[in-house]
Chemist: 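I'd like to ask some things about the structure below.
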Amino acid sequence: MQEKFTLPFTSDFEKDVYLGLTKFPKQLSSKYFYDAKGDRLFQEIMAMPTYYLTNCEFEILENHKSEICNYFKNGTESFDLIELGAGDGKKTKILLENLVRIQARFTYLPIDISTNALEKLKISLKEELPELKVDPIQGTYFESIKTLCRTTKRKKILLFLGSNIGNLLHPQAIEFLKGIRDLMNEEDLFFVGFDQKKHPKTVLDAYNDHEGVTEKFNKNLLVRINEELDANFVLDKFIHWEVYDPESGTAKSYLVSTEEQNVTIDKLDLNVSFKAWETIHTEISQKYDSEIVDWLCQKAGLEVLQEFEDPKKMYKNYILKRATK
Ligand SMILES: C[S@@+](CC[C@H](N)C(=O)[O-])C[C@H]1O[C@@H](n2cnc3c(N)ncnc32)[C@H](O)[C@@H]1O
């Protein structure tokens, strides 16, 4: 076992898959859902009525775009609009269009781990908003934003939509928010979506559609391991399973092995054995209320400047800034 850790991993994906499948309980990171196929499946998920998050955030941005954009533009000549995990930018375009309309001077810097998502976003923005300055950055949130913040002197507006923060449990979310805070100057703003606690069935249904799209999305992790690391996962021998704990507000996605089986991952020189009903934990989708958001912010040295809610009161976007106290 010891020797295996000296394997010369050629990517974070290889390393994380190795470490995740050799630990107990097994886990894989949700950030690896997103390749061209994963991006497409996520777009299908967003289009499903059960995945309420997209519509809620869309409505908030549509209803409050003027006020939000004024916060971004106020007190500055020009700024950088940096988006963490931009995806297809469908909702962001509401803000981008409005900022262009009010003649704000800014550059849009979408960061995403998915090269495919960034490429598509760039092409669509060129068509839809040709006057917009776009500078896409492929990479993970922190590495990319740290590099970026070293080079920019302008006011920074950071966007983190889709309740992506919910992929982190509270202790990690606090570390993440602290990291963001440390990169922010006094005038910088952090605009972030936090999906709120609601009827547990509504939450469960969002990650458990009957058409099986979320299942395909979850299993795309195994497809990627098969294709990129020469593995032999048989998809039918795993089921997608979702649980939601209304007390903690944590929804968790699993892949569950339906039988005892062995999988080989040639590129990692690894044999992975599964007992019947053994799990691979793949995603967390944390739900919040305003007390929890306040607590997270307070722990991270941030404060809420303004919050916006959708008409059905299911989702909130917050404008955060560095705490003054
Ligand atoms: C759930 S989607 C949300 C997309 C968009 N923000 C929205 O609200 O519709 C997450 C996006 O973040 C990207 N992503 C996930 N984890 C990431 C990470 N650690 N670093 C950079 N991008 C990441 C994915 O590729 C994907 O495009």
Side-chain angles (χ1 to χ4, degrees), residues 11-13 15-17 20 27-48 51-62 68 81-96 108-122 124-125 136-148 157-169 172-173 175-177 179-180 183 190-195 206-207 213-214 216-218 220-221 224 251 253 282-287 308 310 314-318:
S11 66
D12 285 347
F13 181 54
K15 186 169 116 217
D16 291 344
V17 168
Q27 72 171 70
L28 291 169
S29 168
S30 57
K31 71 179 172 208
Y32 296 120
F33 284 143
Y34 303 92
D35 60 355
K37 197 184 288 164
D39 292 338
R40 229 176 14 252
L41 287 166
F42 187 68
Q43 282 187 310
E44 268 186 62
I45 290 173
M46 285 197 296
M48 291 189 301
Y51 195 77
Y52 59 85
L53 290 86
T54 309
N55 278 343
C56 291
E57 196 167 47
F58 197 91
E59 275 189 284
I60 292 175
L61 299 182
E62 197 54 62
I68 296 166
L81 185 65
I82 304 164
E83 178 161 19
L84 311 176
D88 69 0
K90 188 175 163 221
K91 289 168 293 176
T92 317
K93 284 176 186 171
I94 298 171
L95 300 178
L96 295 174
Y108 174 52
L109 301 119
I111 295 172
D112 207 291
I113 198 169
S114 164
T115 319
N116 169 71
L118 279 182
E119 196 50 41
K120 291 215 158 109
L121 178 59
K122 195 175 157 189
S124 72
L125 285 172
I137 301 160
Q138 193 278 327
T140 52
Y141 304 138
F142 253 106
E143 281 71 48
S144 312
I145 196 176
K146 266 199 226 148
T147 324
L148 192 66
I157 310 292
L158 304 165
L159 299 182
F160 200 29
L161 304 183
S163 202
N164 283 13
I165 184 108
N167 292 151
L168 305 172
L169 288 171
Q172 300 158 328
E175 282 314 301
F176 180 83
L177 292 171
I180 295 285
L183 295 170
F190 185 29
F191 185 74
V192 52
F194 282 91
D195 191 20
Y207 302 96
V213 186
T214 315
K216 273 196 208 147
F217 182 61
N218 201 3
N220 194 46
L221 279 168
R224 281 195 71 179
S253 307
T282 55
E283 191 173 40
I284 286 163
S285 304
Q286 182 65 39
K287 307 301 160 197
F308 304 93
D310 69 296
M314 301 223 278
Y315 191 98
K316 283 187 184 177
N317 285 90
Y318 297 77

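In listed order, ligands and their atoms are each counted from 1. Just so it is clear, the values below take in all heavy atoms, side chains as well, and ignore hydrogens, waters and symmetry mates.
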Chemist: Compute both the distance and the angle, then confirm whether Arg224 meets the cation-pi test with Phe13: under 6.0 Å from the six-membered ring centre, within 45 degrees of the axis.
Modeler: yes
Chemist: Would you call Leu109 and Leu148 a side-chain contact if the rule is heavy atoms closer than 4.5 Å?
Modeler: yes
Chemist: Considering Ser144, Gly162, Gly166, Gly85, which one's heavy-atom position lies nearest to atom 6 (N) of ligand 1?
Modeler: Gly85
Chemist: Give the single entry among Phe33, Tyr32, Tyr141, Phe217 that approaches atom 18 (C) of ligand 1 most closely by any heavy atom.
Modeler: Tyr141
Chemist: Among all protein heavy atoms in this structure, tell me which lies nearest to atom 27 (O) of ligand 1, with the distance rounded to 0.1 Å.
Modeler: Asp112 OD2, 2.7 Å
Chemist: Which atoms of ligand 1 sit under 4.0 Å from any heavy atom of Leu161?
Modeler: 6 (N), 8 (O)
Chemist: Does ligand 1 have an atom under 4.0 Å from some heavy atom of Gly139?
Modeler: yes
Chemist: Under 6.0 Å between the ring centres of Tyr34 and Phe217?
Modeler: yes
Chemist: Considering Asn116, Ile145, Asn164, which one's heavy-atom position lies nearest to atom 3 (C) of ligand 1?
Modeler: Asn164
Chemist: Quick check: do Tyr108 and Leu125 have side-chain heavy atoms less than 4.5 Å from each other?
Modeler: yes
Chemist: Within the 4.0 Å heavy-atom shell around Met46, which atoms of ligand 1 are there?
Modeler: 9 (O)
Chemist: Could you tell me whether the side chain of Ile82 reaches within less than 4.5 Å of the side chain of Ile137, counting heavy atoms only?
Modeler: no
Chemist: Out of Phe176, Tyr34, Phe142, whose heavy atom sits nearest atom 1 (C) of ligand 1?
Modeler: Tyr34
Chemist: What are the atoms of ligand 1, with element, lying closer than 4.0 Å to any heavy atom of Gly87?
Modeler: 4 (C), 27 (O)
Chemist: Please report the closest heavy-atom contact between Asn220 and Phe33, naming both atoms and the distance.
Modeler: ND2-O, 3.0 Å
Chemist: Note the single closest protein heavy atom to atom 22 (N) of ligand 1, along with its residue, its atom name and the distance in Å.
Modeler: Ile113 N, 3.1 Å
Chemist: Mark the output for Ala86 as yes if a heavy-atom distance to ligand 1 is under 4.0 Å, and as no if none is.
Modeler: yes
Chemist: Going by atom types alone, do Ser253 and Asn218 pair a side-chain donor with an acceptor below 3.5 Å?
Modeler: no
Chemist: Please could you name the atoms of ligand 1 that Phe42 approaches to less than 4.0 Å, counting only its heavy atoms?
Modeler: 1 (C), 2 (S), 3 (C)
Chemist: Hey, is Ile111 one of the residues with a heavy atom under 4.0 angstrom from ligand 1?
Modeler: no
Chemist: Contact between ligand 1 and Lys90 is defined here as a heavy atom of the residue under 4.0 Å from a ligand atom; is it met?
Modeler: no
Chemist: For residues Leu159 and Leu81, determine if any side-chain heavy atom of one lies less than 4.5 Å from a side-chain heavy atom of the other.
Modeler: yes
Chemist: Looking at Thr140, which atoms of ligand 1 are within less than 4.0 Å of one of its heavy atoms?
Modeler: 20 (N), 21 (C)
Chemist: Using distance alone, with no hydrogens and no angle criterion, decide if Ser124 and Lys93 have a side-chain donor and acceptor under 3.5 Å apart.
Modeler: yes
Chemist: Distance under 4.0 Å to a non-hydrogen atom of Lys91: what atoms of ligand 1 satisfy this?
Modeler: 7 (C), 8 (O), 9 (O)
Chemist: Would you say that Ile68 contacts Asn317 through its side chain, given a criterion of any heavy-atom pair below 4.5 Å between the two side chains?
Modeler: no
